Amino acid sequence: MTDTVLLAGGSGDLGGRIAKALARRGARVKALVRPATDAAKVEALRSMGAEPVEAAFEDVAAVRTACEGADCVVSALNGLRPVVIGAQTALLDAAVAAGVPRFVPSDFSLDFTKTAPGTNRNLDLRREFMSILDAREVRATSILNGGFASLLAGQAPLIQHKIRRVLYWGSPEQKLDFTTMDDTADFTAAAALDPEAPRILRIAGSEVSARDLARTMTELTGEEYGTLWAGSLGMLRGMIRIAKAVSPDEDAVFPAWQGMQYMANMFSGHGKLSPLDNDRYQGIGWTPVTDVLAGTVS
């Protein structure tokens, strides 16, 4: 029998990749889309092999109807409290009301079960939703993947190409977890189709330190890259407090200080994923950070 998966957030980057991965694995994919979703995005979902199902999260009956018959609901919703708590809770309650046996929340991140509350706004929201999810009668599985490897290609300013240095706070030997979106999506699809998937699955395509990244860039470019101490973790936390005070940007999903919070969680080791579940599903070819960085070398 073909498993049916209802996917929320399929029009996003990660969500679209999950839709493709589910379809490749033979699942019937129903993609929940808001009534105002751009027609081109809806058509893109169809081209991925998904069946768009229109419903607003505020329409409890419509979301419940969309969930009916699903073996698993997967959330790839991304945003702040109105989305992570509000829309996701509405989706969760609809899934429970429809009798869906399994739920995969949009927890794709560092290990927020081990980070301290108050050190990362986005992780705090995921921790809060976890408590809501665990109070419901549904089997849940969270996928934790560290940082997306694509961040190293630009958005995360660790690799400073002009001065050929890799920044670090604390220790240059601290291992950091990075996984590509495609690998995360493929693993998520496998977990969504696994009725025995545990509560938390931790994956990392690569575990690398700042020193590892410097060696990799040296090998890729033929030019010597080194590491550069950007400060202690205490200094970084102080910078975060200043950045939040100067430019709160509370309505932005990823303001500058939010990225700094992730760096603090990663370089402190508190967000480190362990043990890893990379070997749980066969056929996933984990893409190393080296391949991602190779695309940044001209």
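When reading the values below, keep in mind they use all heavy atoms of this one structure, side chains included, and skip hydrogens, waters and symmetry mates. Just so it is clear, the structure is predicted and the values come from calculations on it, not from any experiment.
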Check: Do F187 and Y281 have their ring centres less than 6.0 Å from each other?
Finding: yes
Item checked: Check against side chain to side chain contact (heavy atoms under 4.5 Å, CB included), Q261 and T119 -> CA-CA 7 Å; Q261 287 185 330; T119 62; over 6 Å; no
Margin query: Evaluate L236 against M263 for side chain to side chain contact (heavy atoms under 4.5 Å, CB included), listing each step before the verdict.
Written below: CA-CA 9 Å; L236 177 56; M263 290 296 100; 4.2 Å; yes
Atom pair [atom1] ([X]) and [atom2] ([Y]), whose distance is rounded to the nearest 0.5 Å:
| X | Y | atom1 | atom2 | value |
| --- | --- | --- | --- | --- |
| Q160 | L167 | CD | CG | 4.5 Å |
| L176 | L151 | CG | CG | 12.0 Å |
| E250 | L80 | CD | CG | 8.5 Å |
| E219 | R215 | CD | CZ | 8.5 Å |
| M48 | L7 | CE | CG | 9.5 Å |
| R127 | D107 | CZ | CG | 11.0 Å |

Note to self: Is the ring pair Y262/F254 parallel, tilted or perpendicular, if the boundaries are 30 and 60 degrees?
What the structure shows: parallel
Check: Relative to the ring of Y225, is the ring of H161 parallel (under 30°), tilted (30 to 60°) or perpendicular (over 60°)?
Finding: perpendicular
How about [atom1] on [X], more than 12 heavy atoms from neighbouring residues, nucleotides or ligands closer than 6.0 Å, or not?
| X | atom1 | answer |
| --- | --- | --- |
| K175 | NZ | yes |
| K20 | NZ | no |
| E223 | CD | yes |

Under a 3.5 Å threshold, yes or no: a donor from one side chain and an acceptor from the other, between [X] and [Y]?
| X | Y | result |
| --- | --- | --- |
| R126 | S109 | no |
| T115 | N265 | no |
| T179 | N145 | no |
| D134 | S131 | no |
| Q88 | S75 | yes |
| Q258 | D249 | no |

Next item on the list: Please assess D71 against V100 for the test side chain to side chain contact (heavy atoms under 4.5 Å, CB included), listing each intermediate value before the final yes or no.
Entry: CA-CA 6 Å; D71 298 288; V100 179; over 6 Å; no
Using a strict cut-off of less than 4.0 Å between a Lys/Arg side-chain nitrogen and an Asp/Glu carboxylate oxygen, indicate whether [X] and [Y] qualify as a salt bridge.
| X | Y | result |
| --- | --- | --- |
| R121 | D124 | no |
| E173 | R211 | yes |
| R34 | E54 | no |
| R17 | D186 | no |

Heavy-atom pair with the smallest gap, counting every atom of [X] and [Y]:
| X | Y | answer |
| --- | --- | --- |
| D177 | G271 | OD2-O, 4.3 Å |
| V253 | P255 | C-CD, 3.6 Å |
| S268 | L233 | CA-CD1, 3.7 Å |
| M260 | A243 | SD-CB, 4.2 Å |
| A66 | L32 | CB-CD1, 3.8 Å |
| S206 | T287 | OG-O, 4.1 Å |

In terms of hydrophobic clusters joined by side-chain contacts under 4.5 Å, are [X] and [Y] together?
| X | Y | value |
| --- | --- | --- |
| V29 | L77 | no |
| L152 | W286 | no |
| L201 | F103 | no |
| F57 | L125 | yes |
| F129 | F112 | no |

Sidechain-backbone polar pair: [X] side chain, [Y] backbone, donor-acceptor under 3.5 Å:
| X | Y | answer |
| --- | --- | --- |
| R102 | A192 | yes |
| D212 | S209 | yes |
| W229 | Y168 | no |

Side chains of [X] and [Y], heavy atoms from C-beta outward: is any pair under 4.5 Å?
| X | Y | result |
| --- | --- | --- |
| L6 | V74 | no |
| E128 | T89 | no |
| R280 | P198 | yes |
| F108 | I18 | yes |
| I132 | I85 | yes |
| V73 | V5 | no |
| L213 | L293 | yes |
| L273 | I203 | no |

Note to self: Pair K114, D111 - check salt bridge (Lys or Arg N to Asp or Glu O under 4.0 Å), show working.
What the structure shows: CA-CA 6 Å; K114 300 175 183 176; D111 195 339; 3.5 Å; yes
Next item on the list: Decide salt bridge (Lys or Arg N to Asp or Glu O under 4.0 Å) for R28 and E51; before the verdict, give the C-alpha distance in whole Å, the side-chain angles of both, and the deciding distance to 0.1 Å.
Entry: CA-CA 8 Å; R28 177 194 176 200; E51 306 168 26; 3.0 Å; yes
Checklist line | salt bridge (Lys or Arg N to Asp or Glu O under 4.0 Å) evaluation trace for D93 with R136 | finding: CA-CA 8 Å; D93 288 342; R136 301 296 196 272; 2.8 Å; yes
Next item on the list: Go through the steps for F178 and M266 under the test side chain to side chain contact (heavy atoms under 4.5 Å, CB included), then give the verdict.
Entry: CA-CA 10 Å; F178 291 101; M266 295 178 82; 3.8 Å; yes
Next item on the list: Applying salt bridge (Lys or Arg N to Asp or Glu O under 4.0 Å), run through D38 and K41 and close with a yes or a no.
Entry: CA-CA 5 Å; D38 184 85; K41 291 184 177 180; over 6 Å; no
Checklist line | Evaluation steps, side chain to side chain donor-acceptor pair (under 3.5 Å), between S274 and R202 | finding: CA-CA 7 Å; S274 180; R202 297 174 174 88; over 6 Å; no
